[in-house]
Amino acid sequence: MVKDCLDYARRYKACQFHANFIHQPPEVLHLTVASWPFDAWGLDVVGPLQKSSGGHLYILAATDYFSKWAEAVALKEQRNSSMYNVAANGLAEAFNKTLCNSLKKVVSKSK
């Protein structure tokens with residue numbers, strides 16, 4: 001029965017499309033120390049996405065390292081962004097994963 005369930009999930013298109021895949025090889029964890037709230041932020045730009053009714057194509061995602069407070073802002077165009085920082089990437093990517101999974105659920109309900 002377990003084998004049948006695994007085979008079904010492997011062939012089911014929605015399971016394959018929305019599955020959590022790890023695309024990066026494991027690395028040593030890097031410690032990021034923030035002494036007080038809003039001292040250090042993890043920033044990332046998500047997109048380009050499908051154009052919204054308001055003309056937004058990107059999402060700027062920001063997470064505070066001290067309190068883990070997260071903010072997301074929709075953007076119509078993307079200007080310049082800072083360089084990729086491997087040590088600061090984990091928290092921003094974790095929030096991006098949560099944000100994208102939440103958006104998938106909202107969009108699939110509103111079709």
Side-chain angles (χ1 to χ4, degrees):
M1 187 166 132
V2 171
K3 183 184 177 301
D4 290 341
C5 291
L6 290 173
D7 289 339
Y8 178 77
R10 284 189 189 112
R11 284 184 264 121
Y12 188 57
K13 187 176 181 179
C15 287
Q16 297 303 314
F17 187 73
H18 296 293
N20 293 330
F21 294 108
I22 299 172
H23 298 286
Q24 294 180 337
E27 292 185 16
V28 178
L29 296 176
H30 303 280
L31 181 63
T32 304
V33 179
S35 303
W36 55 84
F38 311 114
D39 177 36
W41 287 83
L43 299 171
D44 198 10
V45 176
V46 180
L49 304 170
Q50 187 174 2
K51 198 171 201 177
S52 71
S53 58
H56 299 97
L57 289 171
Y58 301 93
I59 298 174
L60 174 63
T63 310
D64 175 40
Y65 275 97
F66 184 84
S67 65
K68 307 302 186 255
W69 180 270
E71 292 281 336
V73 178
L75 302 173
K76 290 186 179 182
E77 56 186 34
Q78 181 187 14
R79 298 282 180 184
N80 296 319
S81 60
S82 61
M83 293 175 38
Y84 178 77
N85 184 355
V86 177
N89 193 35
L91 186 63
E93 292 299 324
F95 177 61
N96 288 353
K97 180 179 172 183
T98 303
L99 178 67
C100 290
N101 286 337
S102 300
L103 286 174
K104 285 177 192 175
K105 291 176 186 173
V106 170
V107 170
S108 67
K109 287 180 184 177
S110 66
K111 283 185 179 177

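Quantities reported herein were computed from a predicted structural model and do not represent experimental measurements.
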Participant: Can you tell me how far apart OG (Ser67) and CH2 (Trp36) are? Round to the nearest 0.5 Å.
Facilitator: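 Output value for this atom pair is 14.0 Å.
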Participant: Could you tell me the separation between the OH atom of Tyr58 and the NZ atom of Lys51, rounded to the nearest 0.5 Å?
Facilitator: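 It comes to 10.5 Å.
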Participant: Please check: side-chain N/O of Asp44 versus main-chain N/O of Ala61, any donor-acceptor pairing under 3.5 Å?
Facilitator: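 It does not hold such a pair.
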Participant: To the nearest 0.5 Å, tell me how far His56 NE2 sits from Glu77 CD.
Facilitator: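 Answer rounded to 0.5 Å: 10.5 Å.
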Participant: For residues Tyr65 and Trp41, report the shortest heavy-atom separation together with the two atoms involved.
Facilitator: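 In terms of heavy atoms, the two residues are closest at CE1-C, 3.5 Å.
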Participant: With a 4.5 Å cut-off on side-chain heavy atoms, are Phe66 and Asp39 touching?
Facilitator: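 They are not in contact (no side-chain heavy atoms under 4.5 Å apart), so the answer is no.
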Participant: Answer yes if Trp69 and Phe95 sit in the same cluster of Ile, Leu, Val, Met, Phe, Trp and Tyr residues linked by side chain heavy atoms under 4.5 Å apart, and no otherwise.
Facilitator: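 Looking at the clustering, Phe95 is in a separate group from Trp69.
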Participant: Under a 4.5 Å cut-off applied to non-hydrogen side-chain atoms, are Leu57 and Leu49 in contact?
Facilitator: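 Of all side-chain heavy-atom pairs linking Leu49 with Leu57, none is under 4.5 Å.
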